[in-house]
Structures are given as structure tokens and as C-alpha cells.
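Computed from a predicted model, the values in this text were never measured in an experiment. Throughout, protein chains are lettered first and strands after them, A, B, ... in sequence-line order, and every chain is numbered starting at 1.
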There are 2 protein chains.
Amino acid sequence: MQSQNISDIIEKYLKSILADAEHVEIRRSEIADLFNVVPSQINYVIKTRFTIQNGYLVESKRGGGGYIRIEKVNLLDDADVLDTLIQVIGDSITQRDAYAVVQSLYEDDVLNRREAQLILVATDRNTLAVDDHDLENSLRARIIIGILNHLRYES
Amino acid sequence: MQSQNISDIIEKYLKSILADAEHVEIRRSEIADLFNVVPSQINYVIKTRFTIQNGYLVESKRGGGGYIRIEKVNLLDDADVLDTLIQVIGDSITQRDAYAVVQSLYEDDVLNRREAQLILVATDRNTLAVDDHDLENSLRARIIIGILNHLRYES
DNA sequence: ATAATAAAAGTCAATATTAGTCAAAGATAA
DNA sequence: TTATCTTTGACTAATATTGACTTTTATTAT
């Protein structure tokens, strides 16, 4: 058998809960105590094993009564198409290229007209209105990738 | 499992009343006693969860017979909702307030669920991922206002 | 009527309670 | 050996809670 490091064990523990439930909600320090690790290791486990690529959504809240919530979501058939697009976009994209990406998603019926327009407005040069072109292009990339990642599953 | 903190519980309590009534009028100290918190916590709950972005109006009176009154307002009743919201947003908005604004638009059927999600993803702190908070908040404001202005044409 | 007192709510900053980030050190696998 | 993965902990950020002090309004006493 493979190395059973603690991260793997915590991963299995959380997934065993998710086998029966739609989501799991934890207090970070409690899980850390349970497995005798530092709290930030929980973040490590989540970051490496509960990604959207794997079909997990994570949300959290700090402060009193804070929590981390992991939800299992259904990945759609389009998921790998979106992966490819995300790869192509990388960490920067021009307005022109963004238009092409959104256009093709519209033609493939991944987005309807209104949604496509929303994205184009959100990533428009004049909307972002930053002087630095590199920053503009990287912001545009992050916004579109964020949206593509969101489109991978149904909510 | 969820909402372990008292502020969330008080929020739900007040909203459950507002589900049946147009407004709720409380005596601050009574609610504070009811939930065993200091009176100023009620102000905290109101300030963080019953903002105009959330679609609530709050008025109060001090002195004998004083009260706090929370009213749910329907932004759609206002002929120029979008103008109002744009005013409220100004040139900067936090993620929390943006969530409230988008939620309101969804509740008022200006946006459907998918569109609301798209906007929230596009303006999420981690999506924008700029270290300068002021820049983050102003970008968020421009994106949301850009979209609101776009919606004006559509409808 | 005016002044003093009481009875509310408001403000703000200190403290508490969470989770997040990041980089260094350690362990494991190729 | 070298590259990758894991573990750790110091530091940061977000959110919630508390209480001392202030302000506003109503009531009571003179």
C-alpha cells in the first residue's frame, strides 16, 4: 500500500463523510486537533485534494463561529472543454482574445446571449479601467477563468 | 451545524419576523437580553446584515420609548432601481456589500441565479486577486456598475 | 417653563475567535 | 541526487464580541 501520510488520512476522513452527505462543515482547529496536526495543514489538504477540478467547492468564514465547508458538486460534460480553454488563457488575455473565447462559448451553447454580454462587460477595458495593460490582461484572465471554473459544475 | 455565532442567529430571528411582516420594531435591550448579548451587538448585527444593499431600511429613536425599526424595501418598486444601486455602490464596494447587492437583484428578479453567480465569481476577492484593497474594491465597483448599466439597455 | 434625571440607542476601540498565507524545514519518491 | 510532496509555525486577515463612553429623547421635579 501507498504511504499513509496524515494528509491522505485526513482526506479520506473528509471524503468518508462526503460519501453520505452532500457537504461537510468543519471547524479547522477541531480537525487539526483530531489528527494532531497544525491547523494550516487542513488548508494544505483542502488545497491539494479538494479542488474544483476534483469536483469540490470550498467556502469558509473566519471569526467567532467560523467554519470550513466542503461541498461535492456534479461536474458537467463540458468540464474538459473548459479545462482546455483555461489552459489556453493562462494568466493573461487581451480583450480581443477574450471576445473570441466568449463568442465560442456562446456558439457552443455553454453561455446564452445575456451571460456572454455580462462577461464581456465585466472584462471590458473601460470597465476595468486600469492604466497598466499587463494588469488589465491578467485581471481579465482571472475573471474569465473564475467564471469558466464556475461553469464546470451545476449549482 | 451551521451558524454557530450569535450574530447569525439574531439575524435569522429578525428575518423570520420580516418574512411575515412588512417591518419589525424592536427594543434593543430586549433583543439583547433574549439572546444574552450586550446591546451594542444588536447594532453590529444591523450594521453588517441589514444594510440598504441588503434591501433594508433602518430607523430608530432614542430615549424613553425608544426603538429600532427595520423595514424590508423592494428596490424594484423604485422606478430607477439601477440608479439607486449605482449611487449606493459609488466608486468602491466590499465583497460583502457586493454580495448583498447581487442578492437583492436576484430576489427582485433582475438577475437569475446563474447570472448572479457569474457576477459574484467575477468580483470575488480571490478572482480579482490584487493586494491593494482599495484597488480591489474600486474594480469591483466598476464591474458591477458596468453590468448594471448594461442591464439598463436590455430591459 | 426649566432643570435635573432617567431611559433609551449610537459609537468606537479593545479583545477574542476563528481561518488564510507563505516560506522554511523535513520526508519521500524518481 | 534531485524534484516533489508534506509538515510546521510565524504572521496576517476577517469576523464577532464586549464594554466604556456619548448622544438623544422622554419624564419628573422645582
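For B/Lys61, the side-chain contact (heavy atoms from CB on, under 4.5 Å) partners are B/Tyr67, not counting sequence neighbours. In this structure A/Lys72 satisfies the side chain to side chain donor-acceptor pair (under 3.5 Å) test with no other residue, sequence neighbours excluded. With sequence neighbours excluded, the residues that form a salt bridge (Lys or Arg N to Asp or Glu O under 4.0 Å) with A/Glu115 are B/Arg114. Every side-chain contact (heavy atoms from CB on, under 4.5 Å) that B/Ser7 has, sequence neighbours left out, goes to B/Asn5, B/Gln41, B/Tyr44, B/Val45, B/Arg49. For the side chain to side chain donor-acceptor pair (under 3.5 Å) test, residues two or more places apart in sequence or in another chain that qualify with B/Asp124 are B/Gln95.
Between the CZ atom of B/Arg125 and the P atom of D/dT12 there is a distance of 18 Å, rounded to whole Å.
OP1 or OP2 of D/dA14 lies within a sub-4.0 Å distance of a side-chain N or O belonging to B/His133. The side chain of A/Lys61 places no N or O atom within less than 4.0 Å of a non-bridging phosphate oxygen (OP1 or OP2) of C/dG20. Under 4.0 angstrom from either OP1 or OP2 of D/dT8 there lies at least one side-chain N or O belonging to A/Gln41.
Residue A/Arg62 places no side-chain atom within donor-acceptor reach of the base of C/dG20, judged by atom type and a 3.5 Å distance cut-off alone. Residue-to-nucleotide contacts include no donor-acceptor pair under 3.5 Å from the side chain of A/Ser40 to the base of C/dG20.
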Using a cut-off of under 3.5 Å, enumerate the N/O to N/O pairs linking the protein to nucleotides 28-30 of chain D.
none

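The hydrophobic cluster around A/Tyr106 extends to none of the other residues, as no ILVMFWY side-chain heavy atom falls under 4.5 Å of it. A/Leu75 belongs to a hydrophobic cluster whose other members, connected by ILVMFWY side-chain contacts under 4.5 Å either directly or through intermediates, are A/Ile52, A/Leu57, A/Val73, A/Tyr153.
Nearest heavy-atom pair across B/Val58 and B/Phe50 is CG2-O, 3.7 Å.
Pairs passing the side chain to side chain donor-acceptor pair (under 3.5 Å) check and including a residue from residues 132-143 of chain B, sequence neighbours excluded, read B/Glu136-B/Arg140, B/Asn137-B/Arg140. The side chain to side chain donor-acceptor pair (under 3.5 Å) analysis of residues 77-91 of chain A, with sequence neighbours excluded, yields the pairs A/Asp83-A/Arg152.
For the helix from C/dA1-D/dT30 to C/dA30-D/dT1, the angle separating the two terminal helix axes comes to 10°, with each axis derived from five pairs and the value rounded to 10°.
Scanning residues 43-54 of chain A for heavy-atom distances under 4.0 Å to DNA chain C yields A/Asn43.
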